[in-house]
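Here's the structure we're looking at; comments come further down.
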Amino acid sequence: MEQNIKAAAEKFETLLRQQLERAERIKQEKEFIDYSKLDTIIIGVCGGDGIGPVITNEAARVLKFLLADEVKSGKVTFKNIEGLTIENRAAHNKAIPDDVLAEIKKCHVILKGPTTTPRAGDPWPNIESANVAMRKELDLFANVRPVKVPEKGIDWTFFRENTEGAYALGSSGINVSDDLAIDFTVTTTEGTERIARLAFEYARKNNKGTVSIITKANVIKTTDGKFLKICQEIAKDYPEITVNDWYIDITTAKLIDEKRRTEFKVFILPNLYGDIITDEAAEFQGGVGTAGSANIGKRYAMFEAIHGSAPRMVAEGRAKYADPCSMLRASVMLLSHIGFQDKADLLERALDICMFEEKKLQVTGRDTGCTCSEFGDYVMQTVEKLLK
Ligand code: IPM
Ligand code: MG
C-alpha cells in the first residue's frame, strides 16, 4: 500500500506540473485572430463517425452554397479532413492521430461531425474523446451553446468552460489501489477569467441584461468556489449587467419553471455542469438534434452538434434520414464567427422558417420523414426565396 500511495503521489505531481504549465501558456496568449485580415479563411470539414459524415457534408454543402462568391474569389476555402474516425483513432490508439491533427491545425475553423467516444467495455481501446482532445489541443476554451424557444420566451446562451473542470484530467484519474480511485477537477485563474470575460462581453454587446454564474460552490468549495469568485470579480467591470449566482442542482429545476426560466439569459458554467445542462436546455427547443455548439479559442474555433454519432441509426440503415439541423445551427455560428454576419442571419432565418414556421418537410430520423439532403435542399431553397 505504501508503494501505491507513493506511485499515486508521483503521478499527481506530474499532473500538477502539467496543469501549471498549461496555466502559464494561457497567460502568454495573444489577442483573438482577426479573420478580416486573412487573405484566405480555411474551413476544415471533419465528418466524424456514425451519422457524422451525412449531416456534416450536408452542412458543408449549405455553407458552400452561402459562401459561393467568397469561394470563387479565394477569400474562403474548404478543406476535407479524413481520418477522424473511430477506426483510425483506434488503429493509432490516439484520440486524434498526429497527421489528422496536423491537417486540422492548417485550418482556421473546423466544422466537425460527432465522433464516437469509447467507454470501458466497448470493442475500442478506451482512448480519450476526440471532442475533448480537440478542445484541449486547439485550446478552445469557450463552448457557446444558444437555445431559443421564442414562443415560450426562452432565449438562453450558455458559456461552458471547455478545457478545465472535471474534463481537464478526465482521462488521468488514479486507481490508487483496488479499492480507491481518484479523479481531479481543475480551476485556474486565467482559465476562469477568459471564459467569464467572453460571456460578459457577449452579454454587453447583445444587451442581454443578466448573467447567471452556475456552480456547486457550496460543496465543491475549492475549485467551484474559485470559479464563482473570479466570475464575480470580472462582473465588476460590467456594472450595467445584473449578475446572480445559482447552484447547478436548483438551476436544472428552474429551467423547467415556466415563470422563472425566462429571466435567465446568459449562463457561465464550469465544464461538466455546462455539459449536462445544455442537453436539458436543448430539449426545450426540440432535442439535442436541433442544437449547435461553438468551441471558441483565440487562434482556432470548432463548430459541431451537441449530440453524439447515433451508431444505432447507422446500424438500422437510417443514416440518410439523420437530422442536419444541429450542424446547420453550428454553421450559423461559424459564419458569424468568421465575420459573415449577414449570411449567418440569413441561414438562421431560413432554419427558423423550415424548422418552426413553414415546416414543409420534417425530419423524423426514419422513412416517415424526409432525408437529410432533402432537408438541406429545402433550407437552400428557403434562402433563395429570402434573397428575392
Ligand atoms: C458534448 C459531448 C461531449 C462532452 C462528449 C462527447 C465527450 O457530450 O459536446 O457535450 O462531454 O463534452
Ligand atoms: Mg454533452
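All ligand and atom numbering here is 1-based and tracks the order in the structure. Everything numeric here is computed off the predicted structure, so don't read it as measured data.
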_Name of the Asp275 atom (N/O/S only) found closest to the Mg ion (ligand 2)_ = OD1
*Please could you name the atoms of ligand 1 that Thr117 approaches to less than 4.0 Å, counting only its heavy atoms?*
6 (C)
_Salt bridge or not between Asp34 and Lys37? Use side-chain N to carboxylate O under 4.0 Å._
yes
*Is there a donor-acceptor contact under 3.5 Å linking the side chains of Asn295 and Glu304?*
yes
*Does Tyr167, backbone or side chain, put an N or O under 3.5 Å from an N or O of ligand 1?*
yes
*Structural part of Arg135 in contact with ligand 1, heavy atom criterion under 4.0 angstrom*: side chain
*Strictly by modelled atom types, are Ser373 and Glu58 linked by a side-chain donor-acceptor pair under 3.5 Å?*
no
*Within the structure, does Ser129 bring an N/O atom to less than 3.5 angstrom of an N/O atom in ligand 1?*
no
*Closest approach of Thr116 and Asp49, non-hydrogen atoms and distance?*
N-OD2, 2.7 Å
*Gln28, CD atom: more than 12 neighbouring heavy atoms under 6.0 Å*: yes
*Among protein heavy atoms, which lies nearest atom 10 (O) of ligand 1, and at what distance?*
Asp275 OD1, 2.8 Å
*Tell me which part of Arg160 gets within contact of ligand 1: side chain, backbone, both or neither, using heavy atoms under 4.0 Å.*
side chain
*Check each atom of ligand 1 against the heavy atoms of Arg145 and keep those under 4.0 Å away; list them by number with element.*
1 (C), 9 (O), 10 (O)
*Partner of Glu29 by salt bridge (charged side-chain N to carboxylate O under 4.0 Å, His left out), out of Arg194, Arg197, Arg22*: Arg194
